[in-house]
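First, the structure itself, so that you have it in front of you.
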Amino acid sequence: MIDKFRSDVLSVVDAVPSGASIAVGGFGSSGRPDALIDALCELDRRDLHVYVNNVGHDFTGVGRLLHEGRLRRVTASFPILQEFYDEYFAGRVELELIPQGTLAERMRAGGAGIPAFFTPSGAGTMLSDGSFTLRYSPEGGVAEHVPAKETRMINGREYVLEEGIVADFGFVKAHKADRKGNLRFRLSARNFNPMAGMSGRTTFAEIEQLVDVDELHPDDVHLPGVFVDDLVMSTGKAPATDEPAAAATRKAS
Amino acid sequence: MIDKFRSDVLSVVDAVPSGASIAVGGFGSSGRPDALIDALCELDRRDLHVYVNNVGHDFTGVGRLLHEGRLRRVTASFPILQEFYDEYFAGRVELELIPQGTLAERMRAGGAGIPAFFTPSGAGTMLSDGSFTLRYSPEGGVAEHVPAKETRMINGREYVLEEGIVADFGFVKAHKADRKGNLRFRLSARNFNPMAGMSGRTTFAEIEQLVDVDELHPDDVHLPGVFVDDLVMSTGKAPATDEPAAAATRKAS
Amino acid sequence: MTDTIPAPAPVTGRTREGIAERLAQDLQDGYVVNLGVGIPLLVPRFLPADKEVVLHAENGVLGIGGDADPHEADPDLTDAGKQPITLIPGAAITDSALSFAIIRGGHLDATILGALQVSASGDLANWYVPGKNPAVGGAMDLVAGTPQVWVAMEHVDRKGRPKIVAECTMPLTGKGVVTRVYTDLAVFHVVDGQLRLVECAPGVTPEDVRARTGAPYTEHLAG
Amino acid sequence: MTDTIPAPAPVTGRTREGIAERLAQDLQDGYVVNLGVGIPLLVPRFLPADKEVVLHAENGVLGIGGDADPHEADPDLTDAGKQPITLIPGAAITDSALSFAIIRGGHLDATILGALQVSASGDLANWYVPGKNPAVGGAMDLVAGTPQVWVAMEHVDRKGRPKIVAECTMPLTGKGVVTRVYTDLAVFHVVDGQLRLVECAPGVTPEDVRARTGAPYTEHLAG
């Protein structure tokens with residue numbers, strides 16, 4: 001019978017080899033799957049290609065992977081972390097910078113069997129014309145550019161062809177899950193998590209609460225268990241309570 | 001202040017001119033916006049292009065539009081209704097037949113600012129090679145084919161380029177709504193409704209229940225009010241009660 | 001396909017239920033499966049109690065429990081055939097775009113479909129008989145996206161003509177998509193674009209199958 | 001852009017708050033608006049009580065109520081700048097794909113952004129200063145999808161150089177996307193790809209504006 005919950009995060013993440021590509025949920029530290037990322041460090045995985053919106057701050061999240069030299073490439077929209085740029089300009093990590101909406105749509109498309117789509121975002125800019133630096137040379141100067149993207153005029157407007165992202169693994173953080181892998185997120189911690197879960201050929205979700213299999217109403221599931229392979233408990237901060245939204249909701253002035 | 005609820009369906013639907021294109025939610029009679037469709041008949045609108053999965057049965061739903069001769073073209077995946085085919089073969093209505101997943105994705109793409117995407121569905125078939133009959137001649141024989149679609153080999157596989165659908169109007173049926181237009185659907189009546197709501201330049205939703213603006217938790221909104229212009233009450237069957245899902249959920253044998 | 005194959009001697013293979021029962025043995029615990037109309041809809045009756053197979057309907061239902069009794073029928077809860085259904089605990093509802101993201105993105109394990117014809121290379125024709133009313137539904141998405149496309153059908157049509165043919169003469173649903181064929185007479189696998197006969201039904205000989213099959217194939221029978 | 005424009009006589013226009021206040025007057029009741037960092041974040045302070053303007057954050061929040069007080073801060077509820085926020089009644093949360101479907105699909109009414117440069121034809125540069133750390137976030141999606149792109153910025157940079165220029169020398173965010181520019185000195189509209197000066201700030205003359213603007217434009221001043 002289907003029971004996707006595992007007690008040991010290391011034995012789950014052990015399936016990720018060095019060199020793997022991983023789509024990672026989270027926006028800033030909100031909804032970031034730290035337990036799964038930390039397990040990559042514990043297991044000494046290296047040479048990783050991470051699709052993620054932000055690289056984190058200090059040495060948490062993807063920032064820890066960076067700090068420990070575990071990243072080959074980052075595909076991101078907003079990798080604001082000085083140490084990341086230091087590594088990028090030194091030629092020790094590659095940066096494929098893409099618009100945030102393109103990142104979300106590419107993850108979804110890959111998970112949805114759409115190999116490519118046209119988008120107006122980034123048309124006529126350095127992020128589509130082949131002039132953005134993917135990798136600097138350790139000796140200084142540009143080693144490689146992000147290739148120019150195919151463009152097309154449609155109804156008089158220029159669009160860029162972007163590819164769906166099918167990552168080897170998806171790393172997700174969710175608020176609640178049942179043992180079938182059905183996930184529910186909380187407030188703006190949802191963000192990229194459903195997309196990362198769709199994008200991974202194999203997807204792991206770390207969760208704050210494991211609930212009975214009949215607790216999530218079928219209409220309340222944000223990402224169905226069919227996208228999720230293994231569940232582990234999240235670590236760190238105490239699980240958020242259920243109803244701070246009410247407290248956080250007040251009349252706009 | 002934002003209050004999208006209107007008491008008179010006819011004055012809402014009056015904005016739809018003859019000749020308009022309309023993306024319509026529903027799968028069979030489940031989640032079908034009959035009040036909005038019926039208003040088109042009351043207002044004697046004609047020459048309509050409808051994007052919808054099914055044409056309905058008997059003379060309800062889109063079937064009523066057909067029966068009253070109000071349709072110019074149907075873009076659908078499963079237009080099973082003998083009278084529809086009679087009209088199609090007689091050259092009185094056009095049929096753009098597309099795979100069901102392509103219909104859903106085209107509506108979503110149009111609403112998401114994606115003008116075109118590649119899909120494997122329909123590659124190497126009559127639904128992409130230009131041989132399907134869009135319109136028969138009243139004198140018999142084929143008057144016009146659906147044009148052949150652009151195809152491309154990507155990673156050794158053939159894909160078809162499909163266009164996003166931006167319809168003049170979206171017609172949606174929802175279970176609950178607040179006055180800001182936030183929508184929630186119930187069970188499999190959700191189906192194409194969020195897509196139709198995204199696809200319409202202007203979107204109307206008929207609803208079973210109008211709830212207070214703080215009743216829908218922000219995590220429980222299936223389609224945000226930003227996609228919805230006007231709300232009207234649904235007609236016909238009594239609003240579904242809230243929890244038949246529990247009654248309908250039982251252990252699988 | 002031809003009308004002129006001489007009628008072979010009568011042979012009795014599996015019933016429609018028997019085809020479904022045989023196929024059900026090959027479904028693995030934990031599979032998420034979409035079922036087409038016809039013989040595929042008989043499959044759930046034959047799932048062993050120790051296997052959990054999750055049934056998907058393309059209108060956005062993951063976890064069909066079964067047909068709803070009339071007293072519990074809910075117009076907001078139907079399968080892809082518009083029939084009232086129930087849900088299992090752990091069921092989830094999606095919109096149509098996400099439902100087909102699941103299908104096209106390869107997140108189902110198998111789809112079980114009926115067929116008009118299957119070709120020697122695994123082409124499938126199952127949506128349209130020219131001259132009749134055309135409708136496709138989700139068939140082309142299902143065969144494009146699902147890793148395992150299993151056909152469950154009668155071995156020959158009502159006129160005795162083979163439905164497994166060298167090349168489909170009916171309009172295609174997808175090219176090279178079928179991975180297995182379960183009929184009243186036999187089980188075929190498609191491996192590297194070629195048909196293999198892997199099993200004959202009880203009381204059916206390889207010669208019986210050969211006489212009723214219009215496509216070249218190789219025999220890979222166990223034992 | 002050039003360093004050699006002779007410094008014009010000093011002029012005092014609107015403050016940063018004044019720019020936000022002026023822009024806020026043009027937001028209509030019912031607008032759904034996305035705000036970039038900088039002066040745009042000052043706009044909500046100046047919305048008249050009789051207008052309901054819904055604020056969107058690209059991480060999936062529709063209906064920001066304001067910054068959260070420390071005691072009510074929830075790590076699961078932040079804006080696009082990662083700051084804790086509150087929600088208004090009627091707020092809705094989406095995932096990132098649907099959030100950008102809203103943006104790219106043209107479902108917002110306006111986006112209000114800061115800028116490094118705006119060109120004579122409405123090109124916008126606001127994401128990257130060559131040689132500095134590159135990051136784009138949602139800026140390119142916002143300008144690509146939103147029908148009204150309003151820039152709120154200082155008229156000249158810290159060195160006194162015009163930020164409204166004939167052609168952007170900084171890397172573009174989008175071509176021909178800006179529809180209005182609100183600065184300390186003036187309000188410009190972009191109509192048919194051409195800049196129009198429609199308003200000077202109190203105490204600022206058209207000549208003051210002309211002397212500090214690096215792009216050709218026409219004057220369409222009221223009264």
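Proteins get letters first, then strands, A, B, ... in listed order; numbering begins at 1 in each.
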Most heavy-atom pairs under 4.5 angstrom with chain C, which of B:T119, B:L103, B:L127?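 Top option by heavy-atom pairs under 4.5 Å: B:L127.
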Residue part contacting chain B, namely of C:E52, when any heavy atom lies under 4.5 Å: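 For C:E52, there is no contact with chain B at all, as no heavy atom is under 4.5 Å.
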B:F132 versus chain C, the contacting section by heavy-atom distance below 4.5 Å: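 B:F132 touches chain C through side-chain heavy atoms alone.
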Which atom of B:L187 lies closest to which atom of C:D76, heavy atoms considered: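 Answer, listing the atom of B:L187 first, then C:D76: CB-O, 3.1 Å.
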Relative to chain B, which segment of C:A97 carries a heavy atom at a distance below 4.5 Å: side chain, backbone, both, or neither?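 Both parts, heavy atoms under 4.5 Å.
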Atom group of B:R157 that falls short of 4.5 Å from chain C, counting heavy atoms: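 The answer is the side chain of B:R157.
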Between B:T125 and C:M140, does a side chain to side chain contact (heavy atoms under 4.5 Å, CB included) hold up when you go through it step by step? CA-CA 9 Å; B:T125 77; C:M140 289 186 184; 3.5 Å; yes
Are B:E158 and C:K175 within salt-bridge range, i.e. N to O under 4.0 Å?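 No, B:E158 and C:K175 are not salt-bridged.
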Counting only non-hydrogen atoms closer than 4.5 Å, does B:N53 touch chain C with its backbone (N, CA, C, O), its side chain (CB onward), both, or neither?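 Contact with chain C: none, neither part.
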Under 4.5 Å from a heavy atom of chain B, the part of C:T78 involved: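 C:T78 touches chain B through backbone and side-chain heavy atoms alike.
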Greatest number of heavy atom pairs closer than 4.5 Å to chain C - which of B:I80, B:T133, B:N54, B:I98: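 So the answer, after comparing B:I80, B:T133, B:N54, B:I98, is B:N54.
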Side-chain donor-acceptor pair present, B:Q100, C:D141, cut-off under 3.5 Å: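 Side-chain D/A pair, B:Q100 to C:D141: absent.
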Side chain / backbone / both / neither for B:F185 at chain C, heavy atoms under 4.5 Å: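 Neither part.
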Using a 4.5 Å cut-off on heavy atoms from C-beta on, say whether the side chain of C:S96 contacts that of B:F27.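 They are not in contact (no side-chain heavy atoms under 4.5 Å apart), so the answer is no.
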Find out whether C:N133 and B:F89 are in side-chain contact, i.e. whether some heavy atom of one side chain is under 4.5 Å from a heavy atom of the other.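 C:N133 vs B:F89: side chains touch.
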Using the side chain to side chain contact (heavy atoms under 4.5 Å, CB included) rule, pick out the option among C:P171, C:P130, C:P134 that qualifies with B:M126.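 One option only clears the test, and that one is C:P171.
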Against chain C, work out which of B:S30, B:S121, B:S29 has the most heavy-atom pairs shorter than 4.5 Å and name it.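 Greatest number of close heavy-atom pairs with chain C: B:S121.
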Give me the atom names and distance for the closest heavy-atom approach of C:A135 to B:F78.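 Nearest pair, atom of C:A135 first, then B:F78: CB-CD1, 3.7 Å.
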Which of B:A189, B:S188, B:P79 touches chain C most, by non-hydrogen pairs under 4.5 Å: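 That would be B:S188.
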Heavy-atom proximity to chain B below 4.5 Å, by part of C:D123: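 When you check distances to chain B, no heavy atom of C:D123 falls under 4.5 Å.
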Atom CD of C:Q194: over 12 foreign heavy atoms under 6.0 Å: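 Atom CD in C:Q194 is not crowded, with 12 or fewer foreign heavy atoms closer than 6.0 Å.
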Proximal component of B:L95, with respect to chain C [non-hydrogen, under 4.5 Å]: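 When you check distances to chain C, only side chain atoms of B:L95 fall under 4.5 Å.
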Under 4.5 Å heavy-atom distance to chain B, tell me which part of C:V136 shows up: side chain, backbone, both or neither.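 Interface part for C:V136: both.
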For C:D50, look at atom CG and say whether over 12 heavy atoms of other residues, nucleotides or ligands are found less than 6.0 Å away.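 More than 12 within 6.0 Å, yes.
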What is the distance from atom CH2 of C:W127 to atom OG of B:S77, rounded to the nearest 0.5 Å?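 Those atoms lie 11.0 Å apart.
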Among C:D95, C:L98, C:T94, which residue meets the side chain to side chain contact (heavy atoms under 4.5 Å, CB included) test with B:P194?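 Option passing the side chain to side chain contact (heavy atoms under 4.5 Å, CB included) with B:P194: C:D95.
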Is the shortest side-chain N to carboxylate O distance from B:R186 to C:D74 below 4.0 Å?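 C:D74 and B:R186: salt-bridged.
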Among C:G174, C:G63, C:G137, which residue has the highest count of heavy-atom pairs closer than 4.5 Å to chain B?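 Winner by heavy-atom pair count: C:G137.
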Of all of C:A73, C:G60, C:G138, which one pairs up most often with chain B through heavy atoms under 4.5 Å apart?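 The option with the most such pairs is C:G138.
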Which atoms of B:T102 approach chain C - backbone, side chain, both or neither, heavy atom under 4.5 Å: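 When you check distances to chain C, atoms from both the backbone and side chain of B:T102 fall under 4.5 Å.
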Heavy-atom count check: over 12 atoms from other residues, nucleotides or ligands less than 6.0 Å from C:E154 CD?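 Yes.
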